[in-house]
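Worksheet: the structure to be examined is printed underneath.
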Amino acid sequence: MEPLAYYIALQKAGVPTEMHLYAQGSHAFGLRPKKFPISHWPALAERWLHTIGVLDPQKHD
């Protein structure tokens with residue numbers, strides 16, 4: 001499924017979602033730091049997991 005269509009379907013289903021679009025980077029970019037903003041996605045994903053209660057919100061910085 002195309003990412004935007006997937007996002008919209010999740011929103012319609014009431015699933016907590018966020019979408020971040022990056023001008024540079026590629027699919028399966030990985031976890032290693034790079035010069036592009038996409039390398040910050042793991043921290044954004046962790047923050048999101050805290051906000052939806054999957055991870056302990058008390059440990060969120």
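Note: hydrogens, waters and symmetry copies are ignored here, and every other heavy atom, side chains too, is used. This one's a predicted model, so the numbers in the text were calculated from it and none came from an experiment.
- Glu18 contributes atom CD, which lies 9.5 Å from atom CZ of Arg47 (distance to the nearest 0.5 angstrom).
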- Query: Does the pair Glu2 and Tyr6 meet the rule for a side-chain contact (heavy atoms from CB on, under 4.5 Å), with working shown?
  - Reply: CA-CA 6 Å; Glu2 189 260 320; Tyr6 185 58; over 6 Å; no

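- Taken from CG in Leu10 to OH in Tyr7, the straight-line distance is 9.0 Å, to the nearest 0.5 Å.
- Considering OG1 of Thr17 and CE of Met19, their distance stands at 8.5 Å, rounded to 0.5 Å.
- Atom CG of Leu55 is separated from atom CG of Leu49 by 5.0 Å, given to the nearest 0.5 angstrom.
- Considering only heavy atoms from C-beta on, Ile8 comes within 4.5 Å of Lys12 through its side chain.
- The line from NE2 of His20 to CG of Leu44 is 5.0 Å long, rounded to the nearest 0.5 Å.
- Atoms OH and NE2, on Tyr22 and His40 in that order, are 8.0 Å from each other to the nearest 0.5 Å.
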